A.B. asks: 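What follows is a structure written as structure tokens; I'll ask about it next.
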Amino acid sequence: MKILLTDTSFLDPAPLIAEGHEVVLFRESAPVPAEHRDAEAMVLWGGGGSGNLDALRDMAGYMTRLRWIQTLAAGPDAILAAGFPDSVALTTGRHFHDATVAEHTLALALACARSLPQALAAQHEHRWARELGGAKPLHDPDRLTTLIGARALVWGFGAIGQATARLLGAVGAQVRGVARSAGTRAGYEVIAVEDIDAALPSTDLLVMILPATPETAGALGAERLALLPRRAVVINTGRGSTVDTLALDAALREGGIAAAGLDVTDPEPLPADSPLWDAPNLVLTPHGAGGRPVGAMERIVRNAAIVAAAPAGEPIDGLV
């Protein structure tokens, strides 16, 4: 079976080749070369930005022998929007990014709590920042300075949220999740979204890991930011559209919250003239939490074997 593999996957195609598949590297933001439009499978990120959605829509028209798409991203929004026929099976990158995004989320939270931006600024100035060292209260009433005992709320409690909760708990945080409905997930208390406003005033660390949907757009706006205590830290490793950028910038400048860590922004990339670049107590990373799919090739090889064995023109069962 011919499989198109995006040239930005950093995945070794050797296991697929060893199974007898023909693997062709391609650039997903450009037209697929005519000689490879007979491929039955594609492995790609499937992002909707930078012209990629237009390229995907074109592919949906000319990739007439396509039977299966594997997206490396956790969400298949752009691929679904591209208009591929229902006969094309789609598998997502669910769980590929759980560990890496959780790790990055913890890094941002620790950087904010332990004042690493201020320490790096002082280092750049060749200044020994005495105000950051020495004896300090374990729990400063004015700002979160440790994750030990921190009251953490993870808004978006799917697989990545639960992986994040485990890491936060490992360093001493008290973690609850937020989801559509209340209950218990993976051993953690989960509150319903409708009750989040009541939970925010007692939250030290708010972690946003929400997908981009019409319902989540601007979910964390000025009113909810105002409910957080001034010592609180906000982290967003979900989607930039879920946080009101201007409201967050104002909260940081006015001392409404102590710090924030963003791996995603709205818009993205963040424009050079955005006020966020100069916001105090902000750690900003360029959407780098994921992008390193864990266990991807093993799942791709398994799914490829299922597709190759399935009769053409019939539904493909058993894909994961």
Side-chain angles (χ1 to χ4, degrees), residues 74 94-116 137-211 215-216 219-220 224-240 242-243 248 251 256-264 281-283 285 289-290 294:
R94 178 172 169 80
H95 297 307
F96 287 169
H97 309 285
D98 296 0
T100 53
V101 175
E103 178 184 60
H104 198 88
T105 303
L106 176 62
L108 289 174
L110 285 170
C112 290
R114 303 310 300 242
S115 301
L116 294 191
L138 177 61
H139 296 293
D140 189 323
D142 291 326
R143 62 172 292 126
L144 181 68
T145 58
T146 178
L147 298 186
I148 300 169
R151 299 165 297 181
L153 203 58
V154 179
W155 192 355
F157 211 64
I160 295 175
Q162 291 166 29
T164 299
R166 289 191 290 272
L167 290 188
L168 292 173
V171 294
Q174 302 169 10
V175 185
R176 293 190 295 170
V178 183
R180 289 191 180 92
S181 58
T184 301
R185 294 188 187 179
Y188 295 93
E189 178 190 354
V190 175
I191 67 172
V193 173
E194 62 192 34
D195 297 322
I196 192 170
D197 289 359
L200 291 176
S202 60
T203 297
D204 299 314
L205 174 65
L206 175 62
V207 176
M208 307 284 292
I209 314 182
L210 289 172
E215 294 74 26
T216 63
L220 184 62
R224 283 182 168 144
L225 283 164
L227 294 174
L228 288 165
R230 64 182 182 179
R231 70 190 309 271
V233 169
V234 172
I235 306 295
N236 189 9
T237 48
R239 288 294 181 265
T242 65
V243 175
L248 180 67
I257 59 173
L262 303 179
D263 186 55
V264 290
N281 303 318
L282 173 67
V283 183
T285 56
V294 178

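Bear in mind that the values here come from a model prediction, so they are computed numbers and not experimental data.
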A.B. asks: Examine distances only and state if a side-chain atom of D195 and a backbone atom of A198 form a donor-acceptor pair shorter than 3.5 Å.
C.D. replies: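 Not a single qualifying donor-acceptor pair exists.
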A.B. asks: Which heavy atom of A258 sits nearest a heavy atom of R231, and at what distance?
C.D. replies: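 Heavy atoms of A258 and R231 come nearest at CB-O, 3.5 Å.
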A.B. asks: What's the separation between atom SG in C112 and atom CD1 in I235, rounded to the nearest 0.5 Å?
C.D. replies: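 Reported value, rounded in 0.5 Å steps: 4.0 Å.
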A.B. asks: Mind checking what makes side-chain contact (heavy atoms from CB on, under 4.5 Å) contact with A226, not counting sequence neighbours?
C.D. replies: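 side-chain contact (heavy atoms from CB on, under 4.5 Å) check on A226 returns nothing, list empty.
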A.B. asks: How long is the gap from CZ on R180 to CD on E215, to the nearest 0.5 Å?
C.D. replies: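 Result: 7.5 Å between the selected atoms.
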A.B. asks: Taking side-chain contact (heavy atoms from CB on, under 4.5 Å) as the test, write out the residues that go with V171, two or more places apart.
C.D. replies: L106, L147
A.B. asks: Could you list the residues that satisfy side-chain hydrogen bond (donor to acceptor under 3.5 Å, both in side chains) with T237, not counting sequence neighbours?
C.D. replies: T105
A.B. asks: Identify the heavy atoms of A219 and L210 that sit nearest to each other, and give their distance.
C.D. replies: CB-CD1, 4.1 Å
A.B. asks: Among residues at least two apart in sequence or on other chains, which ones pass side-chain hydrogen bond (donor to acceptor under 3.5 Å, both in side chains) with S202?
C.D. replies: none
A.B. asks: Does the side chain of V283 come within less than 4.5 Å of L116's, by heavy atoms?
C.D. replies: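 Heavy-atom side-chain distance check fails, nothing below 4.5 Å.
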A.B. asks: So V154 and R176, do their side chains get closer than 4.5 Å, heavy atoms only?
C.D. replies: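 In short, these two side chains do not touch, never coming nearer than 4.5 Å.
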A.B. asks: Does the side-chain contact (heavy atoms from CB on, under 4.5 Å) test come out yes or no for L248 and I257, once each step is laid out?
C.D. replies: CA-CA 9 Å; L248 180 67; I257 59 173; 3.7 Å; yes
A.B. asks: Could you work out, with side-chain hydrogen bond (donor to acceptor under 3.5 Å, both in side chains) as the rule, every residue matching R224, not counting sequence neighbours?
C.D. replies: D197
A.B. asks: Which pair of non-hydrogen atoms, one from I148 and one from H139, has the smallest distance, and what is that distance?
C.D. replies: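 The pair with the smallest heavy-atom distance is O-CE1, 2.9 Å.
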A.B. asks: Rounded at 0.5 Å granularity, tell me how far CG in L262 sits from CG in L108.
C.D. replies: 8.0 Å
A.B. asks: Do V294 and F96 make a side-chain contact, defined as non-hydrogen atoms from C-beta onward lying under 4.5 Å apart?
C.D. replies: no
A.B. asks: For residues 181-194, which residue pairs qualify under side-chain hydrogen bond (donor to acceptor under 3.5 Å, both in side chains), counting only residues two or more places apart or in two chains?
C.D. replies: none
A.B. asks: Show the nearest heavy-atom pair for residues A159 and D98, with the distance to one decimal.
C.D. replies: CB-OD2, 3.4 Å
A.B. asks: When you check the gap from the basic side-chain N to the acidic O, do R230 and D142 get nearer than 4.0 Å?
C.D. replies: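 Salt bridge present between R230 and D142.
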A.B. asks: Take R239 and T242 through the side-chain contact (heavy atoms from CB on, under 4.5 Å) test and state the conclusion after the steps.
C.D. replies: CA-CA 6 Å; R239 288 294 181 265; T242 65; 4.3 Å; yes
A.B. asks: Could you work out, with side-chain hydrogen bond (donor to acceptor under 3.5 Å, both in side chains) as the rule, every residue matching T216, not counting sequence neighbours?
C.D. replies: T213
A.B. asks: Is the shortest heavy-atom distance from the side chain of L225 to the side chain of V234 under 4.5 Å?
C.D. replies: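 The answer is yes, as the side chains (C-beta and beyond) meet within the 4.5 Å cut-off.
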A.B. asks: Kindly say whether A199 contributes a backbone atom to a donor-acceptor pair with the side chain of T203 at under 3.5 angstrom?
C.D. replies: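 Yes; at least one donor-acceptor contact below 3.5 Å.
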A.B. asks: If I compare all heavy atoms of A150 with all of L144, which pair ends up nearest, and what's the gap?
C.D. replies: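 Shortest heavy-atom separation between A150 and L144 comes out as CB-CD1, 3.9 Å.
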A.B. asks: Quick one: side-chain contact (heavy atoms from CB on, under 4.5 Å) partners of A107, sequence neighbours excluded?
C.D. replies: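 Residues passing side-chain contact (heavy atoms from CB on, under 4.5 Å) with A107: none at all.
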A.B. asks: Could you state the interatomic distance from NE2 (H95) to CD1 (I160), rounded to the nearest 0.5 Å?
C.D. replies: 9.5 Å
A.B. asks: Report yes if the side chains of L153 and I191 come closer than 4.5 Å at any heavy-atom pair, otherwise no.
C.D. replies: yes
A.B. asks: Would you please name every residue forming a side-chain contact (heavy atoms from CB on, under 4.5 Å) with A152, sequence neighbours left out?
C.D. replies: L168, A173, V175, L205
A.B. asks: Sequence neighbours left out, what pairs pass side-chain hydrogen bond (donor to acceptor under 3.5 Å, both in side chains) with at least one residue falling in residues 145-169?
C.D. replies: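 Those involving residues 145-169 are R151-D204.
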